[in-house]
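Start at 1 with the first residue, then count along the sequence. Whatever order the structure lists ligands and atoms in, that order sets their numbers, starting from 1. These numbers come from the heavy atoms of this one structure, side chains and all, not from hydrogens, waters or symmetry mates.
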Amino acid sequence: MSTTTTGCLDVRGLDVTLRSGEGRDLHLVRDVTFSVGSGERFGLIGESGCGKTTTLMSLMGLLGADATVGGEVRIDGTEILGSGERDVRRRRWSEIAVVFQGAMNSLNPVVTIGRQIAEAARRGAGSGSGVRERVHRVLELVGLRAEVARRYPHELSGGMRQRVAIAMAVVCEPRVLLADEPTTALDVIVQAQVLTALENACAETGAALVLVSHDMGVIGEVCDRAAVMYGGEIVETGRIETLLHEPAHPYTRLLVDASPRLSDPGRELASIPGAPPRPGVDHAGCGFAPRCPDRFEPCGSHGPALLPVATALQQARCHLHHPPAEEAP
Ligand SMILES: Nc1ncnc2c1ncn2[C@@H]1O[C@H](COP(=O)(O)OP(=O)(O)OP(=O)(O)O)[C@@H](O)[C@H]1O
Ligand SMILES: [Mg+2]
């Protein structure tokens, strides 16, 4: 099915429910909507457990049979959700690819880097000839020398292995690249090298990038726009400069204060008191209210909607900007 679209990747009302071991339904992702243009870099940010990886895995069709995924996901206007296992497999890697969370530690220790990238290249449609050249080209794209192809993972540093993981994800030239916390556990200088590799890979292939991080500094370094997730929902979305300098949601503001900046690594960081909600634990009102320094009367009882703030480009799910209408007596 083809329809008009605004982006290369269009996600509308994405909803993920998981049947837990005890037979309970856990609502992990709710009503997630965003759009990323070709060559654009979009960030998904939030604390641990807010549903970032679940969102990416649902886009890849990699959640198991226990998960129910609703909503719409389009790549270049073509709906991919519910298109059948064969179709999902065909698109995976050649149209939409992922650098998995912890990818640099998941390379096969007994297979050379070159063979691992070549195997990744063969996952895409129309591959076959020129695989060796493609391996060398993609290594160069992520800033590694061709001779790295002959090495084993243990001979490389963490940053080099992460760049190999990026090379494996882009070797089939996907339209959409998802990168799940690609710089976590790396020091600041190596982080910058990995982010440059990611940017170069996307610039060269024209892929739409969705970069996931819990670190606003990393997202701010790379992305044009971002969505802030909390408890499985988007609570604010907008341009990076707006999120960094004029955040509308108190959670975004606290996240900015809690994130190191690549440009100012020595800055003192604040922490966000309390813990995010656990899936399956129902709450009335706004999910962030128990931790929110700005909460007021309606926050504990009414769930806010995601609505435009100053301009249509910035949206926030917060009663501070759209207080609920007074109920008639
Ligand atoms: N298979 C599963 N069974 C039960 N709960 C799950 C499962 N997968 C994820 N969850 C829960 O869903 C929530 C979202 O998890 P997810 O991995 O998407 O978070 P995340 O934002 O990627 O976190 P992190 O920053 O730690 O990677 C978490 O509370 C997690 O415990
Ligand atoms: Mg994750």
Considering the heavy atoms of [X], write down every atom of ligand 1 situated less than 4.0 Å from one of them.
| X | value |
| --- | --- |
| Gly51 | 14 (C), 18 (O), 19 (O), 20 (P), 21 (O) |
| Thr54 | 14 (C), 15 (O), 16 (P), 18 (O) |
| Leu28 | 9 (C), 10 (N), 11 (C), 12 (O) |
| Glu181 | 25 (O) |

Among all protein heavy atoms, pick out the one at the shortest distance from [atom]; state its residue, atom name and that distance to 0.1 Å.
| atom | value |
| --- | --- |
| atom 27 (O) of ligand 1 | Gln101 NE2, 2.9 Å |
| atom 28 (C) of ligand 1 | Gly49 O, 3.7 Å |
| atom 5 (N) of ligand 1 | Leu26 CD1, 4.0 Å |
| atom 4 (C) of ligand 1 | Leu18 CD2, 3.7 Å |
| atom 30 (C) of ligand 1 | Pro279 CG, 4.7 Å |
| atom 25 (O) of ligand 1 | Lys52 NZ, 2.8 Å |

Is there a heavy atom in [X] that sits closer than 4.0 Å to ligand 1?
| X | result |
| --- | --- |
| Ser20 | no |
| Met229 | no |
| Gly46 | no |
| His214 | no |

Taking only Lys NZ, Arg NE, NH1 and NH2, and the carboxylate oxygens of Asp or Glu, determine whether [X] and [Y] approach each other closer than 4.0 Å.
| X | Y | answer |
| --- | --- | --- |
| Asp87 | Arg91 | yes |
| Glu40 | Arg225 | yes |
| Asp25 | Arg19 | yes |
| Asp76 | Arg175 | yes |
| Glu119 | Arg123 | no |
| Glu47 | Arg291 | yes |

Exercise. From Gln101, does some N, O or S atom reach closer than 2.8 Å to the Mg ion (ligand 2)?
Worked result: yes

Exercise. So, Thr54 and the Mg ion (ligand 2): N/O/S under 2.8 Å, yes or no?
Worked result: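 Checking Thr54: none of its N, O or S atoms is under 2.8 Å.
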
Exercise. Would you say Leu18 and His27 make side-chain contact, with heavy atoms under 4.5 Å?
Worked result: no

Problem set entry | Beyond-backbone contact of Met216 with Thr252, side-chain heavy atoms, under 4.5 angstrom |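 When only atoms from C-beta onward are counted, Thr252 and Met216 do touch, with a gap below 4.5 Å.
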
Problem set entry | For ligand 1, the portion of Thr53 having any non-hydrogen atom under 4.0 Å away |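 Answer for Thr53: both.
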
For this session: Heavy-atom distances under 4.0 Å are what count here, so tell me which part of Ser48 touches ligand 1: side chain, backbone, both or neither.
Result: both

Problem set entry | Closer than 4.0 Å: a protein non-hydrogen atom to atom 12 (O) of ligand 1 |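 So atom 12 (O) of ligand 1 has protein heavy-atom neighbours under 4.0 Å.
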
Exercise. Counting only heavy atoms on the protein side, is anything nearer than 4.0 Å to atom 7 (C) of ligand 1?
Worked result: yes

For this session: Provide the closest heavy-atom pair for Leu44 versus Lys52 in the form atom of the first, atom of the second, distance.
Result: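 Taking Leu44 first and Lys52 second, the nearest heavy atoms are O-CD, 4.0 Å.
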
Problem set entry | Verify same cluster id: Met229, Met60 (apolar side-chain graph, 4.5 Å) | yes

Problem set entry | side chain to side chain donor-acceptor pair (under 3.5 Å) between Glu236 and Gln314, intermediate numbers included | CA-CA 7 Å; Glu236 182 164 0; Gln314 186 183 17; 2.8 Å; yes

Exercise. In Å, rounded to the nearest 0.5 Å, how long is the span from OG of Ser58 to CG of Leu81?
Worked result: 7.0 Å

